[in-house]
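Notes to accompany the following structure.
Labels below follow one simple rule: chain letters A, B, ... track the order of the sequence lines, proteins then strands, and each chain is numbered from 1.
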Amino acid sequence: MALRVHNTLTGKIEAFVPLHPPKVGMYVCGVTVYDRSHVGHARALVTFDVVFRYLRWCGYEVTFVRNFTDVDDKIIARAQQAGISTAELVAANLTAFDEDVRALGCLRPTKEPRATEHIPEMVALIQKLIDRGLAYVADGDVYFCVEKFPSYGKLSKRRLEDMIAGARVDVDERKRHPMDFALWKASKPGEPTWPSPWGPGRPGWHIECSAMATKYLGQPFDIHGGGADLIFPHHENEIAQSEGAHGCEFARYWLHNGLVTIGAEKMSKSLGNFMTVAEAAARSGGEAVRLFVLGTHYRSPLDFAPERLDDAARALGRIYDTLARADDAGADPTAPPDAVRIQEFREAMDDDFNTARALAVLFDTIRDLNRAMDEKQTTNLGPLRATVRELSTVLGIGGNDPHVVLEEEKQRHLRSQGLSPEYVANKLAERTEARRRRDFATADRIRQELRERGIAVEDTPQGTVWKVAR
RNA sequence: GGCGGCGUACCCAAGUGGCUAAGGGAGAGGUCUGCAAAACCUCGAUGCAGCGGUUCGAAUCCGCUCGCCGCCUCCA
């Protein structure tokens, strides 16, 4: 079975057939860098990171483009509020974004173009739309004329009449049709501005993606992705602009991740009900956030609660405990992965990136690994360990050095508790001595004492060790 | 109002016509242990919002009802 993906354009799950195999072009809408990213952004980031990784794992040469919107109303407003330049605001948020992405274990896209670095391309595209009669100039603004694009609404499956019906659309005298949208906005004093044939101004939001996607991927290209909240109007407008200008299909497969809700309400900056990626990562670690996201199919709604992060952190801890144990047990690092498990994994991922099912394969493998160690079947260790390593290249879960991960977890814990490694070492030595004397009352008292500080003591055949209580 | 989607065990969640309804977290019992912890084993929904229907057979298809969400405005 080969990869099948859900295409928003058709509403169906279809076989994925790239235009120019083995090459695949993928464009994903990134973020507007006016503020820190939250868990909702994390979901989009992780979802398409896995798509990217899986396509590569399948042998495709993927060009993955993810943009930054670094000019828009909110950036301007936020910068003015803070009394800094838009450039300063953008720079700060780009740095923060980079940290978030790294915490989430996402690979770098092939290209990360910024809107402000592609103004000439946008101007050229707008000019082409004007030339083809699909756009018109009004007072230094340029609007796209939706009535001139007959298939407008084909992605979001809505008709122009329906949209106006329930409409809270701005009544703008300069627009010929209420649903017409801005390609170019004349700038007000003090705003970032670029020269254009229609006067100084700045681009509308949608045009940047049309211009940059086509610049780096050509047209048509294979995959266009983003959050489900972008289907309308953003992606609908991208299609109108790109297909209107070039007279050919824009993108073949449209993939959209479901939104993150919190208390059954959409998580969003405007509602103020969000947890930032940095906060989530500080609580449970970025990899746990990733695991939380991948536990649900990417198109389903995902309800966030901090406790779910804790669940994920515990599950992740089990993975790394097992891997550390396997490495200590001398799993052959050169062994090939287990073909049966890999096949199960492939079938799950081929089914529209069913990461929840793929994770079940990972956890089954973890159990296999522990059982093999319990039963001293050392020859199975290598292949099972290799299987986890293989799956981790796609899921981005369990791919780090387990000893390093566990050690970092311990250091983090000690620091947050204000405890020194010596304190723990002394307590453990004291307890070991007590146990040697068979003074179990003292030993248990010490263990309880440490437990209250979040330190879990384990007596193993190799001696006493401690871990962070999860 | 238009369009799209959701409701599966204590919590999360996969499964969309047919083996005993994955997996994770929590829980119970067991093995191991001085006792624990970890790990493993076992248990856990005779039932998949409710009601009807199609079918030899449905959580899965159809209809209705109830509850909930998203988009239609900036939004991942």
Side-chain angles (χ1 to χ4, degrees), chain A residues 8 11 28-32 34-35 37-48 66 69 72-74 77 153 156-159 161-170 179 205 225-234 236 256-261 264-271 291-292 295-297 299-303 305 307-308 310-319 321-322 325 344 348 351 354-364 366-367 369-375 435 438-441 443-444 447-448 451 456-461 464-467 469-470:
Chain A
T8 306
V28 174
C29 291
V31 293
T32 300
Y34 78 100
D35 201 354
S37 301
H38 62 237
V39 176
H41 298 108
R43 184 177 198 191
L45 258 11
V46 170
T47 295
F48 290 102
R66 185 179 60 211
T69 300
D72 90 330
D73 294 345
K74 277 193 257 198
S156 53
K157 318 247 183 301
R158 53 192 85 193
R159 295 173 311 170
E161 309 86 78
D162 295 337
M163 287 188 270
I164 309 160
R168 287 164 290 180
V169 285
D170 300 351
M179 295 309 292
W205 175 37
D229 51 353
L230 298 183
I231 295 171
F232 190 89
H234 186 54
E236 195 69 70
H256 293 97
N257 63 274
L259 303 180
V260 175
T261 58
E265 195 177 45
K266 177 182 170 180
M267 179 181 285
S268 78
K269 289 182 188 172
S270 35
L271 290 171
L291 183 57
F292 162 69
T296 300
H297 184 89
R299 283 191 284 115
S300 302
L302 175 59
D303 196 45
E307 303 76 48
R308 309 255 168 87
D310 300 340
D311 285 357
R314 272 190 288 272
L316 188 66
R318 181 165 150 244
I319 291 172
D321 282 348
T322 303
R325 199 182 159 206
E344 288 172 354
D351 182 16
N354 193 329
T355 53
R357 234 168 84 198
L359 282 172
V361 177
L362 175 63
F363 283 110
D364 283 342
I366 290 296
R367 184 166 18 78
L369 207 40
N370 275 312
R371 192 191 293 133
M373 287 185 282
D374 282 358
E375 295 172 359
R435 289 183 75 215
R438 303 195 67 77
D439 175 6
F440 295 119
D444 291 350
R447 183 169 63 197
Q448 182 57 28
R451 181 80 204 186
V457 175
E458 292 184 18
D459 298 319
T460 76
T464 299
V465 297
W466 73 273
K467 297 195 296 205
R470 298 190 183 98

(message) I want to verify a distance call: between B:G25, B:U73, B:A76, whose nearest atom is closest to the A:V31 side chain?
(response) B:A76
(request) Ignoring the backbone of A:K74, work out which of B:A14, B:C74, B:C40 is nearest its side chain. (result) B:C74
(message) Can you tell me the base-pairing partner of B:C19? Count Watson-Crick or G-U wobble geometry only, both distances below 3.5 Å, and say none if there is no partner.
(response) none
(request) Salt-bridge test for A:D35 and A:K74: reply yes if a basic N is under 4.0 Å from a carboxylate O, no otherwise. (result) no
(message) Under 4.0 Å, heavy atoms only, any strand: does A:H297 hit a base, just the sugar-phosphate, or nothing?
(response) sugar-phosphate
(request) Could you tell me which nucleotide pairs with B:C71 by Watson-Crick or G-U wobble geometry, both distances under 3.5 Å, or answer none if nothing does? (result) B:G2
(message) Checking base pairs now: Watson-Crick or wobble, both atom distances under 3.5 Å. What partners B:G57?
(response) none
(request) Ignoring the backbone of A:L259, work out which of B:U73, B:C11, B:A76 is nearest its side chain. (result) B:A76
(message) If only side-chain N and O atoms count, and only distance matters, is there a donor-acceptor pair under 3.5 Å linking A:N370 with A:R325?
(response) yes
(request) Would you mind classifying the nucleic acid contact of A:V260 as base, sugar-phosphate or nothing, using non-hydrogen atoms under 4.0 angstrom? (result) base
(request) Please evaluate the base of B:C74 for a donor-acceptor partner in the side chain of A:D72 within a cut-off of under 3.5 Å? (result) no
(message) Applying the Watson-Crick and G-U wobble criteria at under 3.5 Å, what pairs with B:C64? Answer none if nothing qualifies.
(response) B:G50
(message) Whether A:R470 and A:D310 form a salt bridge (side-chain N of Lys/Arg under 4.0 Å from carboxylate O of Asp/Glu) is what I want to check.
(response) no
(request) Check whether any side-chain heavy atom of A:I319 lies under 4.5 Å from a side-chain heavy atom of A:F363, and answer yes or no. (result) yes
(request) Taking atom P in both B:A39 and B:U46, compute the distance separating them and give it to the nearest angstrom. (result) 28 Å
(request) Tell me what A:N354 touches on the nucleic acid: a base, only sugar-phosphate, or nothing, going by heavy atoms under 4.0 Å. (result) sugar-phosphate
(request) Look at the side-chain N and O atoms of A:R158 and state whether any lies under 4.0 Å from the OP1 or OP2 oxygen of B:C71. (result) no
(request) Measure from the side-chain heavy atoms of A:F440 and tell me the nearest of B:G34, B:C71, B:C11. (result) B:G34
(message) Is the phosphate of B:C71 approached by A:K266 (side-chain N or O, under 4.0 Å from OP1 or OP2)?
(response) yes
(message) Classify A:N370 by what it touches in the nucleic acid, base, sugar-phosphate, or nothing, heavy-atom distance under 4.0 Å.
(response) sugar-phosphate
(message) In whole Å, measure the gap between the C1' atoms of B:A22 and B:C66 for me.
(response) 29 Å
(message) Which nucleotide wins on minimum distance to the side chain of A:T296, given the candidates B:A76, B:G15, B:A13?
(response) B:A13
(request) Using a 4.0 Å heavy-atom cut-off across all strands, classify A:R451 as base, sugar-phosphate, or nothing. (result) nothing
(request) Please measure how far the P atom in B:G7 lies from the corresponding atom in B:A13, and state the result in whole Å. (result) 9 Å
(message) Side-chain N or O of A:R314 versus OP1/OP2 of B:A26: is the shortest distance under 4.0 Å?
(response) yes
(request) Answer whether the closest heavy-atom distance between the side chains of A:T355 and A:H297 falls below 4.5 Å. (result) no
(request) Using atom CG of A:L369 as one end and atom P of B:A39 as the other, report the distance to the nearest whole Å. (result) 13 Å
(message) Salt bridge check, A:D321 against A:R318: does any charged N sit closer than 4.0 Å to a carboxylate O?
(response) no
(request) Write down the distance between CZ (A:F48) and C1' (B:A76), rounded to a whole number of angstrom. (result) 9 Å
(message) Classify A:G11 by what it touches in the nucleic acid, base, sugar-phosphate, or nothing, heavy-atom distance under 4.0 Å.
(response) nothing
(message) Taking the C1' atom in each of B:U16 and B:C62, what is the distance between them to the nearest angstrom?
(response) 14 Å
(request) Would you classify A:R367 as touching base, sugar-phosphate or nothing, given that sugar-phosphate means primed atoms plus P, OP1 and OP2, and contacts are heavy atoms under 4.0 Å? (result) sugar-phosphate
(message) Work out how far the C1' atom of B:A26 is from that of B:C3, and round it to whole angstrom.
(response) 39 Å
(message) Partner lookup for B:U31, please. Criteria are Watson-Crick or G-U wobble with both distances under 3.5 angstrom; report none if nothing qualifies.
(response) B:A39
(message) Rounded to whole Å, how long is the line connecting atom CD of A:E265 with atom P of B:A76?
(response) 17 Å
(request) Let me know, please, whether A:E375 or A:L359 comes out on the 5' side of the other along RNA chain B by nearest nucleotide. (result) A:L359
(request) Let me know the distance between CE of A:M373 and C1' of B:A38, rounded to the nearest Å. (result) 11 Å
(request) Output the single nucleotide from B:G25, B:G34, B:A76 whose closest atom is nearest the side chain of A:R435. (result) B:G34
(request) Look at all strands and tell whether A:A356 reaches a base, only sugar-phosphate, or nothing, counting heavy atoms closer than 4.0 Å. (result) base
(request) Spell out yes or no: do the side chain of A:R308 and the base of B:G25 have one donor N/O and one acceptor N/O closer than 3.5 Å? (result) no
(request) Determine the minimum heavy-atom distance between A:A312 and A:L291, stating which atoms define it. (result) O-CD2, 3.4 Å
(message) With rounding to the closest Å, how many angstrom separate the P atoms on B:C40 and B:G57?
(response) 42 Å
(message) Quick check with a 6.0 Å cut-off and a 45 degree axis cone: is A:R435 positioned over the face of A:F440's six-membered ring?
(response) no
(message) What contact category does A:M267 fall into here, base, sugar-phosphate, or nothing, at under 4.0 angstrom with non-hydrogen atoms?
(response) base
(request) Have a look at A:S156 and say if it touches a base, only the backbone sugar-phosphate, or nothing, with a 4.0 Å heavy-atom cut-off. (result) sugar-phosphate
(message) Taking 4.0 Å as the cut-off, does a side-chain nitrogen or oxygen of A:S300 come that near to OP1 or OP2 on B:A14?
(response) yes
(request) May I ask you to say what A:G226 touches in the nucleic acid, namely base, sugar-phosphate or nothing, with a heavy-atom cut-off under 4.0 Å? (result) sugar-phosphate
(message) Check this one for me: any side-chain N or O of A:R318 less than 4.0 Å away from OP1 or OP2 of B:G25?
(response) yes
(request) Between B:A58 and B:G24, how far apart are the P atoms? Round to whole Å, please. (result) 29 Å
(request) Between B:A38 and B:C11, how far apart are the C1' atoms? Round to whole Å, please. (result) 23 Å
(message) Looking at every heavy atom in both A:K467 and A:E458, which two are closest together, and how far apart are they?
(response) CE-OE2, 2.5 Å
(request) Quickly work out the A:E161 CD to B:C72 P distance and round it to whole Å. (result) 19 Å
(request) Side chain of A:P233 only, please: which of B:U73, B:A36, B:A76 is the nearest? (result) B:U73
(message) From C-beta outward on A:E458, which listed nucleotide comes closest to its side chain: B:G34, B:A37, B:C69?
(response) B:A37
(message) When you measure only distances, ignoring hydrogens and angles, does the side chain of A:R357 come within 3.5 Å of the base of B:A22 through a donor and an acceptor?
(response) no
(message) Both A:A441 and A:T32 contact RNA chain B. Which one's nearest nucleotide lies toward the 5' end?
(response) A:A441
